Amino acid sequence: MKMMNAKDMNFSKRLNKKEALYLLQNVDLYELGELAYKKKLELHPEKITTFVVDRNINYTNVCCIDCDFCAFFRHAKDSDAYVLSFDEIGQKIEELLAIGGTQILFQGGVHPKLKIEWYEELVEFIAKKYPSITVHGFSAVEIAYIAKISKISIKEVLQRLQAKGLFSIPGAGAEVLSDRVRDEIAPHKCDTATWLEVHRQAHKIGMKSTATMMFGTIESDEELIEHFEHLRNLQDETGGFRAFILWSFQSENTKLKLKHPEIMKQSSNKYLRLLALARLYLDNFKNLQSSWVTQGSLIGQLALKFGANDLGSTMMEENVVSAAGASYKMNQDEMIRLIESLGEKPAKRNTAYEILQKYY
Ligand code: SF4
């Protein structure tokens, strides 16, 4: 492909979809990175790169959504299906506290039988016993299902969990916000409108969230840009997204790879191009995370030159993408070293992106 020079183009003040497609497909990688880095510095002139010390807790691996791209879930009758007890969850939180952690990223499985009361008890148990821990949990897919099985509205689920101590919700389950793609890779997952509605309702009750994208299955570039457009529009409307996180499909052990053997591992080039484009297109998002968990620590570091200003989590525990083949690990010291060696200033943050500790 012949790469073009972005300098010769006359872009709108706010990128439109056509321009975004042009940047993604035609502009030289380094130039795209430069544009994204410049945009990042406008928002983060101090060159501080943050990270959070947290732990993923997958309270269950039982799931009735059966996404073809997922190697993590089990059905209730499988021999290795589990639902963690509150004591087991407490034990994991204590291990996190021991390393100075502040957040748990709490996600299932979408368990077919658990109703709102179980989730209320769970959040209340954590909030009361571990008041210094922030619960960032339950994807839009889980929230929509809890509403359905409990026969209450999405808004009520969010309000009831917020009342018990749920602080924010993660952007998981977005994959690509295109119903054509969702119908093919995860036909039982909530549709685009529902994913957006859960986040809209959360933002309306003052609960912030994050947004994500998983690329590299069967989507077109146009559909990826449509995804950005949905997020930018909702952010214009509510301002409730704290960050955007992008990762590539991990195909090992998945049904989707068997169904679509033509799906290839995504290149670092595509990841970095999309990340840079996200920084340029999502002009109303302050924070962009690098996904070192799926890209490896060195591309994760390089992502800081392509628009990312946050390295995400130190990931004391991760079960979902590791089930599909991504097995990178990083501790806090390594993260600090990676940030420093790129000429940026490392800092530990909380879920709200407030700085807790500087390492410079
Ligand atoms: S991605 Fe989430 S919703 Fe889909 S099958 Fe896996 S655990 Fe269930």
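These numbers come from a predicted model, not from an experiment. What's counted below: heavy atoms across the whole structure, side chains too, no hydrogens, waters or symmetry copies.
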Are any of the side-chain heavy atoms of Glu184 and His260 separated by less than 4.5 Å? yes

Measuring only between side-chain heavy atoms, which start at C-beta, is Lys270 closer than 4.5 Å to Leu274? yes

Taking only residues two or more places apart in sequence or in another chain, which ones pass ring-ring contact (aromatic ring centres under 6.0 Å, His included) with Tyr281? none

Under 6.0 Å from the CD atom of Glu262, do we count more than 12 heavy atoms belonging to anything else shown? yes

Side-chain donor-acceptor pair present, Thr351, Gln103, cut-off under 3.5 Å: yes

Quickly, which of Glu175, His227, Glu197, His230 forms a side-chain contact (heavy atoms from CB on, under 4.5 Å) with Thr192? Name it, please. His230

Look at Glu229 together with Arg232 and state whether they make a salt bridge at an N to O cut-off of under 4.0 Å. yes

Tell me, please, which residues at least two apart from Phe306 pass ring-ring contact (aromatic ring centres under 6.0 Å, His included). none

Between His44 and Asn309, a side-chain donor and acceptor under 3.5 Å: yes

Electrostatic pair Lys164:Glu120 at N-O distance under 4.0 angstrom: no

Results of salt bridge (Lys or Arg N to Asp or Glu O under 4.0 Å) for Glu95 - residues two or more places apart only: Arg55

Asp236 vs Arg14, test: salt bridge (charged side-chain N to carboxylate O under 4.0 Å, His left out). Steps then yes/no. CA-CA 13 Å; Asp236 276 347; Arg14 192 169 218 201; 2.8 Å; yes

Would a 4.5 Å heavy-atom cut-off, applied to side chains only, mark Glu226 and Leu177 as touching? no

Do Asn56 and Gln107 get their side chains close enough for a donor-acceptor pair, meaning under 3.5 Å? no

Does either side chain, that of His111 or that of Thr60, offer a donor lying less than 3.5 Å from an acceptor on the other one? no

Can you sort out the partners of Tyr271 under ring-ring contact (aromatic ring centres under 6.0 Å, His included), two or more places apart, ordered by chain and number? none

Assess, by modelled atom type and distance only, whether the side chains of Glu344 and Thr49 contain a donor and an acceptor separated by less than 3.5 Å. yes

Indicate yes or no: does Asp68 engage Lys259 in a salt bridge with an N to O separation below 4.0 Å. yes

Electrostatic pair Arg180-Glu223, nearest N-O below 4.0 angstrom: yes

Tell me whether the centres of the aromatic rings in Phe106 and His136 are closer together than 6.0 Å. no

Hydrogens and angles aside, do Ser291 and Thr294 bring a side-chain donor and acceptor to less than 3.5 Å of each other? yes

Please confirm whether Tyr119 and Tyr59 have ring centers closer than 6.0 angstrom. yes

Does Val198 reach the side chain of Ile169, with side-chain heavy atoms less than 4.5 Å apart? yes

Electrostatic pair Lys348:Glu354 at N-O distance under 4.0 angstrom: no

Residue pairs meeting salt bridge (charged side-chain N to carboxylate O under 4.0 Å, His left out), one or both in residues 142-152, sequence neighbours left out, come to none

Within a radius of less than 6.0 Å around NZ of Lys155, do more than 12 heavy atoms belonging to other residues, nucleotides or ligands occur? no

Any salt bridge linking Glu34 with Lys38? Criterion: basic side-chain nitrogen under 4.0 Å from a carboxylate oxygen. no

Residues in ring-ring contact (aromatic ring centres under 6.0 Å, His included) contact with Phe215, at least two apart in sequence or another chain: none

